[in-house]
Amino acid sequence: MINYDEFSRVEMTVGKILSAEPVEKSEKLLRLTVDFGLKPSDGSPEVSDIRQVVSGIAKYFPDVSVLINSKHPFVTNLESRMIMGLESQAMILAASDRDSGAFSLLDVSDSIPHGTRLG
């Protein structure tokens with residue numbers, strides 16, 4: 001078990017998927033480009049927080065175009081991780097049932113702007 005203070009350190013943010021493509025030489029991985037809204041930049045004008053996310057969801061999305069412009073929650077304060085030579089800078093949240101094989105990304109209403117923090 002983790003306590004509330006530990007859980008509160010997890011940063012979850014709504015991201016909007018801008019692009020999705022299969023990762024070469026992988027049957028499981030997709031490379032997503034995700035917009036997490038505007039972030040302040042050391043006194044400069046705000047800039048878009050766009051990140052690359054590598055996720056093992058390819059078998060559930062044979063037509064990756066269905067992901068474009070969809071909004072989902074992501075964990076955004078994990079350390080970056082190299083996966084098949086690609087840096088993954090966040091993790092998409094999903095639900096899956098190993099027994100039945102059921103899978104679902106967690107959806108966010110269109111009325112919620114990308115960049116919104118969960119919590």
Side-chain angles (χ1 to χ4, degrees):
M1 288 254 180
I2 64 171
N3 63 38
Y4 180 81
D5 289 335
E6 290 170 311
F7 177 73
S8 68
R9 291 178 44 209
V10 177
E11 183 179 288
M12 292 179 277
T13 308
V14 175
K16 179 179 180 180
I17 298 176
L18 303 177
S19 67
E21 61 187 34
V23 171
E24 193 174 317
K25 299 181 183 175
S26 174
E27 294 180 9
K28 296 180 181 181
L29 299 176
L30 292 181
R31 180 173 100 54
L32 310 174
T33 302
V34 183
D35 185 349
F36 291 103
L38 297 175
K39 67 176 180 178
S41 162
D42 62 9
S44 305
E46 291 183 326
V47 295
S48 292
D49 183 6
I50 297 177
R51 303 185 194 185
Q52 176 174 269
V53 178
V54 180
S55 183
I57 61 173
K59 75 177 185 176
Y60 303 106
F61 298 98
D63 177 8
V64 296
S65 69
V66 300
L67 293 169
I68 308 305
N69 293 318
S70 63
K71 294 180 190 175
H72 306 281
F74 291 78
V75 176
T76 52
N77 66 336
L78 290 173
E79 290 182 359
S80 294
R81 180 175 171 195
M82 295 300 289
I83 303 172
M84 290 194 68
L86 299 170
E87 182 179 17
S88 186
Q89 301 166 318
M91 182 173 65
I92 195 166
L93 297 178
S96 64
D97 179 52
R98 294 179 198 265
D99 293 333
S100 69
F103 175 86
S104 178
L105 291 178
L106 305 179
D107 288 325
V108 176
S109 167
D110 283 337
S111 65
I112 304 296
H114 56 289
T116 300
R117 293 271 177 92
L118 279 67

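Since the model is a prediction, treat every value here as computed from it, not as a measurement.
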Enquirer: Side-chain contact test, heavy atoms from C-beta onward, threshold under 4.5 Å: evaluate it for T116 versus V108 and give yes or no.
Expert: no

Enquirer: Decide whether M12 and I2 are clustered together by the hydrophobic rule: side chain heavy atoms of Ile, Leu, Val, Met, Phe, Trp, Tyr closer than 4.5 Å, transitively.
Expert: yes

Enquirer: Please find the pair of heavy atoms, one from V34 and one from G15, that lie closest to each other, and give the distance.
Expert: CG1-CA, 3.7 Å

Enquirer: With the side chain counted from C-beta on, respond yes when V14 and P113 share a heavy-atom pair under 4.5 Å apart, and no when they do not.
Expert: no

Enquirer: Inspect the surroundings of CD in E6 and state if more than 12 heavy atoms from other residues, nucleotides or ligands are less than 6.0 Å away.
Expert: yes

Enquirer: Output the distance between atom CD1 (I17) and atom CD1 (I92), rounded to the nearest 0.5 Å.
Expert: 4.5 Å

Enquirer: About how many Å separate CG of L93 and OG of S55, when rounded to the nearest 0.5 Å?
Expert: 10.0 Å

Enquirer: Would you say V66 ends up clustered with I57 if hydrophobic residues are merged whenever their side chains have heavy atoms under 4.5 Å apart, either directly or through other cluster members?
Expert: yes

Enquirer: Look up atom OG in S88 and atom CG in L32, then write down how far apart they are to the nearest 0.5 Å.
Expert: 8.5 Å

Enquirer: Of all heavy-atom pairs between H114 and G37, which one has the smallest distance, and what is that distance?
Expert: CD2-N, 3.6 Å

Enquirer: In this structure, which one of R117, R51, E11 forms a side chain to side chain donor-acceptor pair (under 3.5 Å) with T76?
Expert: E11

Enquirer: Where does the angle between the aromatic ring planes of Y60 and F103 fall among parallel (under 30°), tilted (30 to 60°) and perpendicular (over 60°)?
Expert: parallel

Enquirer: Strictly distance-based, threshold 3.5 Å: is any side-chain N or O of S48 a donor or acceptor partner for the main-chain N or O of I50?
Expert: no

Enquirer: So do L67 and L105 actually touch side chain to side chain, heavy atoms under 4.5 Å?
Expert: yes

Enquirer: For the NZ atom of K16 and the CG atom of D110, what is their distance to the nearest 0.5 Å?
Expert: 8.5 Å

Enquirer: Give a yes or no on whether V23 and L30 share a hydrophobic cluster (residues Ile, Leu, Val, Met, Phe, Trp, Tyr; joining criterion: side-chain heavy atoms under 4.5 Å apart).
Expert: no

Enquirer: Does a side-chain N-to-carboxylate-O contact under 4.0 Å join E27 and K59?
Expert: no

Enquirer: Which label fits F74 and H72: parallel for a plane angle under 30°, tilted from 30 to 60°, or perpendicular past 60°?
Expert: perpendicular

Enquirer: Taking side chain as C-beta onward, heavy atoms only, is M91 less than 4.5 Å from V53?
Expert: no

Enquirer: Should I68 and F61 be counted in the same cluster of Ile, Leu, Val, Met, Phe, Trp and Tyr side chains packed under 4.5 Å apart?
Expert: no

Enquirer: Give a yes or no answer on whether the side chain of N77 reaches the backbone of R9 with a donor-acceptor pair at less than 3.5 Å.
Expert: yes

Enquirer: Is L118 reachable from V10 through a run of hydrophobic residues whose side-chain heavy atoms are each under 4.5 Å from the next?
Expert: yes

Enquirer: Quick check on side chain to side chain donor-acceptor pair (under 3.5 Å): which of Q89, E87, R31 does Q52 satisfy it with?
Expert: R31

Enquirer: If you measure from NZ on K28 to CD1 on I83, what distance do you get to the nearest 0.5 Å?
Expert: 12.0 Å

